[in-house]
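Working notes, structure below.
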Number of protein chains: 2
Amino acid sequence: MNIDIPALNTKIGDKCADCPIHHRAVCAYCEKSELMMLETMKSYSNYAAGDTIIMAGDNMKFVGSVVTGVASLSQTMEDGRRQMVGLLLPSDFVGRPGREYASFDVVATTPVTLCKFERKPFEKMLESTPQLRERMLEMVLDELDAAREWMLLLGRKTAREKIASLLMIIGKRQNSLSPFDMNSGMKFELSLTREAMADYLGLTLETVSRQINALKKDGVIELEKKRHVIVKDFTRLLDETGDDADGGYVI
Amino acid sequence: MNIDIPALNTKIGDKCADCPIHHRAVCAYCEKSELMMLETMKSYSNYAAGDTIIMAGDNMKFVGSVVTGVASLSQTMEDGRRQMVGLLLPSDFVGRPGREYASFDVVATTPVTLCKFERKPFEKMLESTPQLRERMLEMVLDELDAAREWMLLLGRKTAREKIASLLMIIGKRQNSLSPFDMNSGMKFELSLTREAMADYLGLTLETVSRQINALKKDGVIELEKKRHVIVKDFTRLLDETGDDADGGYVI
DNA sequence: CGATTCATTGATACACTTCAACAGACGTGG
DNA sequence: CCACGTCTGTTGAAGTGTATCAATGAATCG
C-alpha cells in the first residue's frame, strides 16, 4: 500500500492497460473485458493544489482513483477545528460506493489527476464483478489498519513523537522505490505546509514549527529550505517516534 | 477462562437462523444453504471480562462475530501507553480475512460470546459467496468511517466533548435495536471501566472521572450505580459532543 | 471480614495552545 | 525596479487543559 509511482513520462490516455496505477488501484485484478467496461464509465480530471475535490455533504456523482499527486481527506468542526483523517496517494481510492453523500472533504495538496468513474454504473459493476470487489475489500482493510495506527499517534503520542512519526512515514514512502541504506541516511521533500502537518497530527502549526526546529537543533534531522529534510541517523529518528524497533507502520 | 462449549450448551444454538445477531452480522445476507455451510465451520467460545481473546502478533486461526458482550481492539506502546482503536459490540466482526497475524489486541471488557469460524474455510467461502463478501465490505467501510470519526475526536476534541461523544455512541448503539423516543430520553449500561474509557478517548482515567461527574453536575446526564447512565435531554448531550446537529455517527 | 478492584477528589506540574509580533519568499502592478 | 500585499514559517510570553502524584472512598467477593 502507498508506494509512490515513478513520474509519468507518458500522457495518460484512455487505455486502462497503459495506466501507471492500474496494477495497484481498485481495478488491479480486473481482466481485459472488465477494464474495457470501466473505460466506458471513466474520465480524467485535473485539480490544482488547494482545490477542493469533494466537500463533505456533496452528492457523490463519482468515485475514482488518484492517478498522480497527493490529496487529503479531512473533517472540519463547526468552529473551524480540522483533522485530517487520510492521505490519498496515487492508486488510492476516492469515495465510497453505496453512499450517496460524502462524509469528508477531499482537498488536493499538490496538483492531482483523478480517474473518475460515474458512481451508479460503478456500483452496478461492483455487484457483478468479483475481482473488483475483492480488490476493493483489500484496499479498505489496508486503510482501516492505517487509520488505527494513526489513532495511536493521535491519542497517545507526544508532539515530538508525532512529528518524528510523520517524517518517518513520509520519508520511508518517498524512498521506498530506491531503497536507501539505513546508515547513509535519507533525504526527502516534505510536501505539506506546517498547517497541513498540524491538521494531520492534531497539533497547532506553532507546535509543529517548534518541534521540527527542536529535532533540528538536537541533530536528529537537518533542513534545507524549510521543506527539504535530511535524515542522517535513521535509527535516531526511529527512536524518536516512540514505536518499537520494527516501526509498525506498513508502507 | 476460555471455555469452548459445544454449540448446544447455551441458549445460543447451532442454528444460525435463531441467532440474535444474524440480521446484522457478516452473515446477514446469506441464504439458508450458505448459513448451513457456515454452521459446518463454526463454534462458540465464551470469555470472561478481562480475558485476552487475541494478542497482537498471534497467528489467527479463526475469525468471527461478537454474539453478546463487548470487546475492545487496542494497541500498546513499549512504555505501557495504550490506545483503543475499536469497540466490538454484538454483531461486529473480529479478525481480518487474508491476514495471518493479528495486528491488534482483542480483549473482552465484559463477558463475551464469540461465534468463531475457522479462518481458512471462511476465507475460501468468502471467495465464492458474493453475499458474504458484500456484507463484509459494507461492514469494513462502516468501521473505516467510524475510525475516521474517532480520529477527529482524538485529534481535536476536548475531554468533555470526548466523554459526551462516547456516551452518545454507546447509548445510540445500545438503543438501536429497540428505538427510543429522542424526547423521552434514553438509559443504558456503560460497560466500560473508567480506565477503558480513558484508553479509548486518549485521556487518563482521572480526567474521565472528573468529566463524567462534571456532566452529571451540569445536569446533562444522570448516574445510577456509576455505570448506568440516564440521558433525559438527548439534544443537550448532542450539543456537548461538538458535532453538528445531525450527529455524524453512523450506527 | 480483609482484600481487591474501581472510582472520586485534591494539589501541583507541565505540555501544548493561544495570542502576538516579526521575518523571509514570492508575485503583482504601478 | 521598488512598494505592496500575501502566504508561510519562526519565535516569544502568557494562559490553560490535562496529566501526574497521592490519598481516600465505595463496591464486590471469597
Side-chain angles (χ1 to χ4, degrees), chain A residues 48-50 77 79-83 107 109-110 153-167 189-217 221-229 240 242, chain B residues 48-51 70 72 77 79-83 107-111 153-167 189-218 221-229 240 242:
Chain A
M77 294 172 73
D79 60 7
R81 281 176 283 176
R82 193 156 26 130
Q83 178 64 51
V107 180
T109 58
T110 67
L153 178 146
L154 290 172
R156 294 301 186 194
K157 289 192 178 181
T158 64
R160 174 181 264 243
E161 288 169 340
K162 287 178 177 183
I163 296 288
S165 300
L166 182 64
L167 294 179
E189 198 61 33
L190 203 46
S191 51
L192 302 172
T193 64
R194 305 287 185 240
E195 189 181 21
M197 290 188 254
D199 285 342
Y200 212 147
L201 300 170
L203 297 170
T204 59
L205 63 92
E206 294 95 329
T207 300
V208 169
S209 179
R210 279 186 247 268
Q211 294 295 340
I212 286 182
N213 288 312
L215 286 174
K216 177 185 166 190
K217 199 177 139 211
I221 60 172
E222 291 170 40
L223 286 183
E224 272 175 20
K225 296 173 61 188
K226 302 298 181 199
R227 300 253 190 110
H228 193 96
V229 180
E240 297 282 359
Chain B
D51 281 3
V70 181
S72 72
M77 293 171 72
D79 61 5
R81 281 176 283 175
R82 191 154 31 126
Q83 178 63 53
V107 179
T109 57
T110 67
L153 179 148
L154 291 172
R156 295 301 187 194
K157 288 192 178 179
T158 65
R160 174 181 263 242
E161 287 170 340
K162 286 179 177 182
I163 296 288
S165 300
L166 181 65
L167 295 178
E189 197 61 33
L190 201 46
S191 46
L192 302 172
T193 64
R194 304 281 121 117
E195 188 181 19
M197 288 187 255
D199 285 342
Y200 211 132
L201 300 170
L203 298 170
T204 59
L205 64 91
E206 292 96 329
T207 300
V208 169
S209 179
R210 279 187 248 266
Q211 294 295 339
I212 286 181
N213 289 313
L215 286 175
K216 178 185 169 193
K217 201 177 140 212
D218 295 348
I221 60 172
E222 289 170 41
L223 286 183
E224 270 175 18
K225 295 172 62 188
K226 303 296 180 199
R227 301 253 192 111
H228 193 96
V229 180
E240 297 282 359

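Not measured: the values here are computed from a predicted model. Reckoned from all heavy atoms, side chains included, excluding hydrogens, waters and symmetry mates. Per chain, numbering begins at 1; letters A, B, ... match sequence-line order.
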Short question: side chain of T109(B), backbone of S72(B) - any donor-acceptor pair under 3.5 Å? no
Whole-Å gap separating P (dC19(C)) and CG (L205(A)): 13 Å
Nearest whole Å is fine: how far is dA15(C) P from L201(A) CG? 18 Å
Specify the residue among L192(A) and R156(A) whose closest nucleotide of DNA chain D lies further upstream toward the 5′ end. L192(A)
Side-chain donor or acceptor of Q83(B) paired with backbone N/O of D199(B) under 3.5 Å: yes
If you look at every strand shown and take non-hydrogen atoms under 4.0 Å, does R227(A) touch a base, only sugar-phosphate, or nothing? sugar-phosphate
Just call it for T193(B): base, sugar-phosphate, or nothing, with non-hydrogen atoms closer than 4.0 Å on any strand. sugar-phosphate
Output yes when at least one side-chain N/O atom of N213(B) is less than 4.0 Å from OP1 or OP2 of dA7(C), else no. no
Say whether, by atom type as modelled, one donor and one acceptor occur between the side chain of R227(B) and the main chain of E189(B) under 3.5 angstrom. no
Within this structure, what is the CD-to-P distance between Q211(B) and dT9(C), rounded to whole angstrom? 13 Å
To the nearest Å, how far apart are K162(A) NZ and dA15(C) C1'? 11 Å
Between the protein and nucleotides 21-30 of chain D, list the N/O to N/O atom pairs that are separated by less than 3.5 angstrom.
residue : atom : partner : partner atom : Å
dC21(D) : N4   : E206(B) : OE2          : 3.1

Integer-rounded Å distance: dG9(D) C1' and D199(A) CG: 15 Å
Starting at CZ of R81(B) and ending at P of dT18(D), how long is that distance when rounded to a whole Å? 18 Å
Under 4.0 Å, heavy atoms only, any strand: does G202(B) hit a base, just the sugar-phosphate, or nothing? sugar-phosphate
Is it true that a side-chain atom of R156(B) and a backbone atom of L203(A) form a donor plus acceptor pair closer than 3.5 Å? yes
It should be established whether S209(A) places a side-chain nitrogen or oxygen under 4.0 Å from OP1 or OP2 of nucleotide dT10(D). yes
Ignoring hydrogens, what is the shortest heavy-atom contact between L154(A) and G202(A)? Give both atom names and the distance. CD2-N, 3.9 Å
Determine whether a donor-acceptor pair (N or O, by modelled atom type, separation under 3.5 Å) exists between the side chain of S209(B) and the backbone of L205(B). no
Atom-pair distance (NZ on K217(B); C1' on dT9(C)), nearest Å: 12 Å
Distance in angstrom units between L203(B) CG and dT20(D) C1', rounded: 14 Å
Of all the nucleotides listed (dT10(D), dT20(D), dT18(C)), which has the minimum atom distance to the side chain of T204(A)? dT18(C)
Any side-chain heavy-atom pair from E240(B) and L167(B) closer than 4.5 angstrom? no
